[in-house]
Amino acid sequence: MTRIDRGIVVLGAGPAGAAVALGLRRLGHAVTVVGTPRAFDAIEGVSDRVVAGLRGVGIEAALAAIAEPSPRRATWAGSTTALNHERLVDRAAFDRLLWQELQDHGVECLLARVMRWVPGESGDGGHTLQIQRPDDAQPQTLRARFVVEARGRLAPHPPQGVTRGPETVALLWRGQGAPGGAAGSAVESLPGGWAWCARLPGGAVALQLTVDPSAITLPPRAQLGAFIRERLSTVEAALPFLDTAATEVHALARTSGAVLAPEVCGDRWLRVGDAAMAADPLSGNGIFQSLSSALQAPMVVHTLLNHPADAPHAQRFHTERVQGLFQRFARIGRDFYAQEARWAGEPFWAVRRAWPDALPAHGAEGDAPPHIEQRPVVDRDRIRLAEVLVTTEQPLGIWHVDGVEVAPLWRAARAAPGREVEALAPLLGGSVPRAQAALRWLRAQGGR
């Protein structure tokens, strides 16, 4: 059995794994990505901010698989709108381009499946992984100093401690129709769930029906495609996408409920993207939320490896942000489900209108006044403690605004009631207009 020694190994080559790998390369780390192609082909919808986020981490070539914005028709809570747009992406094409782009950036990529991962087995705090390449008869042993788990929903979770939302399954149908025709997508709420449909310019069609598995009896796999199409044949939003001449590429059912791992980081490992927390697909922000937890992960890893005194702060930083993202997306989904009142008593809708809790989607519980705390922040290439202004809307704290530290401004304004502008101006280069603007901003946060 061949043994390969590496520094940082990223498991998974999707957007989250790629963002972490590229970020670590920029920080000077040698990175190896281990991944396999997706088990199924999919069409997804993304926003312009996802494209901006991908560009921000250095991904450019893979953006060729993301179409220009196309119309999105939404039928929800009894009303239909056609004002929004989304960009459709062929994930198989996107993932292929992303795999090549990682290599073009100098990231080593191993096409292999992870058979076994044993943390710390090497005796020096490192990890031992067994990987199986497609053409190798025997697995290889891969030793890593640090492991980033980025295999999405396929990443294994411990048997206990996982936080899960209402059990949800997405029934997916992918077909290929005649090329041509306008690209677009549509979503519609139904008594037992909701449907999303999309068509790419080349004729590829995606149908998705999201339901509660306890309220539906699924047919055998061979009949699933016909089952999905029949269910959608009476859904108005789906009719333009039900091309009777389209050839079925595949049909499958996959779990799509919200899930949060009990732990998302340790001294020598990190979870990012859907492997750390996955949101309900209703948010339509799958890639965006994956990037959200991955953008600052390189600085967390860099701190854990090179600044051990700040390791607890790095772990706290990553944990708080992943858990905060999970709760925020869960509450946003809850509020969106609550808009659909026509079937509030139906099992699918009733449970989702009440989960995860009754707290607001943004901000923290209660109405505590703004105050200064020591909290972990990103300082260039590392995580460290700094004074931040904690508010109800920003419970993790605000460190800088436009490059200016907030805590000194808040203290100066508090110490000079009635003379705040005079107190703030020296901290802002003597600029009275900047001091006036800063005072307006502080008051908007609840400062006096």
Side-chain angles (χ1 to χ4, degrees), residues 6-27 29 31-36 38 46 49-50 53-54 56-59 62 91 94-95 98-99 101-102 105 107 109 114 117 119 127 129 144-158 162-163 258-279 283 285-305 311 313-329 376 378 381-383 396:
R6 292 294 183 269
I8 301 174
V9 173
V10 177
L11 308 181
V20 176
L22 293 174
L24 288 169
R25 281 287 297 169
R26 285 194 294 271
L27 293 176
H29 294 278
V31 185
T32 299
V33 171
V34 178
T36 57
R38 289 166 66 97
V46 301
R49 63 180 178 175
V50 168
L54 292 169
V57 299
I59 296 169
R91 277 302 302 266
F94 177 83
D95 290 349
L98 189 58
W99 184 261
E101 189 164 0
L102 284 171
H105 280 282
V107 176
C109 294
V114 178
W117 170 16
H127 303 263
L129 302 105
R145 184 184 178 199
F146 198 103
V147 172
V148 178
E149 173 60 274
R151 286 179 288 177
R153 290 180 181 271
L154 295 179
H157 286 290
V162 179
T163 301
V259 59
L260 171 67
E263 293 183 289
V264 295
C265 62
D267 291 338
R268 289 293 183 268
W269 61 271
L270 201 73
R271 282 179 175 261
V272 298
D274 283 356
M277 57 82 46
S283 67
N285 287 320
I287 293 180
F288 177 75
Q289 70 88 5
S290 292
L291 287 175
S292 297
S293 68
L295 289 176
Q296 294 166 333
M299 284 71 81
V300 174
V301 175
H302 185 75
T303 303
L304 292 172
L305 289 174
H313 311 317
Q315 293 186 31
R316 177 187 174 189
F317 178 89
H318 187 66
T319 299
E320 288 182 342
R321 274 149 182 78
V322 169
Q323 293 176 347
L325 274 174
F326 180 78
Q327 294 296 336
R328 181 159 63 88
F329 278 111
V378 177
D381 63 354
R382 63 188 289 188
I383 309 297
L396 296 180

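What you see below is based on every heavy atom in this structure, not just the backbone, and it leaves out hydrogens, waters and symmetry mates.
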Rounded distance [0.5 Å steps], CG in L24 versus CG in D381: 11.5 Å
Q323: side-chain contact (heavy atoms from CB on, under 4.5 Å) partners, not counting sequence neighbours: L260, T319
Residues forming a salt bridge (Lys or Arg N to Asp or Glu O under 4.0 Å) with R153, sequence neighbours excluded: none
Contacts of type side-chain contact (heavy atoms from CB on, under 4.5 Å), residue Q315, not counting sequence neighbours: C265, D267, L304
Check: L54 and V46 side chains under 4.5 Å, non-hydrogen atoms: no
Listed partners of A275 passing side-chain contact (heavy atoms from CB on, under 4.5 Å), at least two apart: E149, A155, R271
Set of salt bridge (Lys or Arg N to Asp or Glu O under 4.0 Å) partners for E263, sequence neighbours left out: none
Pairwise side-chain contact, I383 with V378, heavy-atom cut-off 4.5 Å (strictly under): yes
Separation of L22 CG from I59 CD1 (nearest 0.5 Å): 5.5 Å
Heavy-atom pair of closest approach, residues A21 and V33: CB-CG2, 3.8 Å
Least distance between heavy atoms, L98 atom then A13 atom: CD2-O, 3.4 Å
By salt bridge (Lys or Arg N to Asp or Glu O under 4.0 Å) - contacts of R25 (at least two apart): none
Residues forming a side-chain hydrogen bond (donor to acceptor under 3.5 Å, both in side chains) with R321, sequence neighbours excluded: none
Residue list, side-chain contact (heavy atoms from CB on, under 4.5 Å) with L325, at least two apart or on another chain: M277, S292, S293, R328, F329
Stepwise side-chain contact (heavy atoms from CB on, under 4.5 Å) test for V20 and L270: CA-CA 10 Å; V20 176; L270 201 73; 5.8 Å; no
Counterpart residues, ring-ring contact (aromatic ring centres under 6.0 Å, His included), relative to W117 (two or more places apart): H127
Closest heavy-atom pair and its distance - P15, R91: CD-NH2, 3.6 Å
V10 and V107, any side-chain heavy atoms less than 4.5 Å apart: no
Exercise: identify the closest heavy-atom pair between A278 and F326: O-CE1, 4.1 Å
Minimal non-hydrogen separation, A16 against S290, with atom names: CB-O, 3.9 Å
Shortest non-hydrogen contact from V50 toward L291: O-CD1, 4.1 Å
Rounded distance [0.5 Å steps], CG in D274 versus CD1 in I287: 9.5 Å
Check: V57 main-chain N/O paired with R26 side-chain donor or acceptor under 3.5 Å: yes
Test ring-ring contact (aromatic ring centres under 6.0 Å, His included) applied to H29 - qualifying residues, sequence neighbours left out: H302
Note, Q296 side chain near F317 side chain (heavy atom, < 4.5 Å): yes
